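Written below as structure tokens is the structure these notes are about.
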Amino acid sequence: MSVKALPRKVRAAVAGTRLWFAPERIAEAGGTPDYRFSLANERTFLAWLRTALALVAVGFAVAQFLPDLHRTLRVTLALVLLAVGALSAVRAVNHWARCERAMRRGEDLPVSRFPTLLALAIGAVAAVMVVAVAAGWAG
């Protein structure tokens, strides 16, 4: 199946992911923005990666250091944290490329619901962990 046969949204997603591996193509998208904006975009990218790494580390910590939790709950929490960490890393690169392209084109920066969803997911996992750990200490 050729890329041209795919739906338009899928083709756009494929084209967007190609930019991840060929950032020189982003430079072709328009004029060069003030370098301070590109560096700020890069710092944001690195902050997202630190968040992703922290989520992965906490996922492993939950799996290894909370043995008193029921195995199913412990593994579920660990897998959710690991998956959200992986998703954050992928989202970081996508957001960096979209912002860099928008700056070069003189467009508004893209908006995203991902930070809200990430915060809600972390809050939900934290709430479950608080209840689980409290129940484990009480028992």
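Remember, it's a predicted structure, so these values are computed and weren't measured experimentally. Keep in mind that the numbers below use all heavy atoms, side chains included, and drop hydrogens, waters and symmetry copies.
- Here the CG-OG1 distance, from Leu46 to Thr51, works out to 11.0 Å after rounding to the nearest 0.5 Å.
- Summarising the local packing, CG of Asp34 is surrounded by more than 12 heavy atoms from other residues, nucleotides or ligands at distances under 6.0 Å.
- Nearest heavy atoms, Arg74 versus Ala63: NE-O, 3.3 Å.
- A single hydrophobic cluster is not seen to contain both Val128 and Val75; linkage of ILVMFWY side chains at heavy-atom distances under 4.5 Å, directly or through other members, places them apart.
- Annotation: the span from Cys99 atom SG to Glu107 atom CD amounts to 11.0 Å, rounded to 0.5 Å.
- Across Thr76 and Thr72, no two heavy atoms sit closer than the pair OG1-O, 2.7 Å.
- Membership of the apolar cluster around Leu109 extends to Phe37, Met103, as traced through chained side-chain contacts below 4.5 Å between ILVMFWY residues.
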Report all side-chain donor-acceptor pairs from residues 84-97 shorter than 3.5 Å, counting only partners two or more places apart or in another chain.
from: Ser88; atom 1: OG; to: Val84; atom 2: O; distance (Å): 2.9
from: Arg91; atom 1: NH2; to: Ser112; atom 2: OG; distance (Å): 2.6

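- Screening Val130, Leu120, Leu81, Val58 for a side-chain contact (heavy atoms from CB on, under 4.5 Å) involving Val125 leaves a single residue, Leu81.
- Contact of the Glu42 side chain with the Leu39 side chain is registered, since non-hydrogen atoms from C-beta on lie closer than 4.5 Å.
- The two atoms that bring Arg98 and Val111 nearest to each other are NH2-O, 3.7 Å, heavy atoms only.
- Cluster annotation: Phe60 and Leu53 are assigned to distinct hydrophobic clusters (Ile/Leu/Val/Met/Phe/Trp/Tyr, side-chain heavy-atom contacts under 4.5 Å, transitive).
- Cluster membership for Phe114 and Val80, using ILVMFWY side-chain heavy atoms within less than 4.5 angstrom, is shared.
- Between Arg104 and Arg101, the closest side-chain pair of non-hydrogen atoms is not below 4.5 Å.
- Closest non-hydrogen pair, Val56 versus Leu82, comes out as O-CD2, 3.5 Å.
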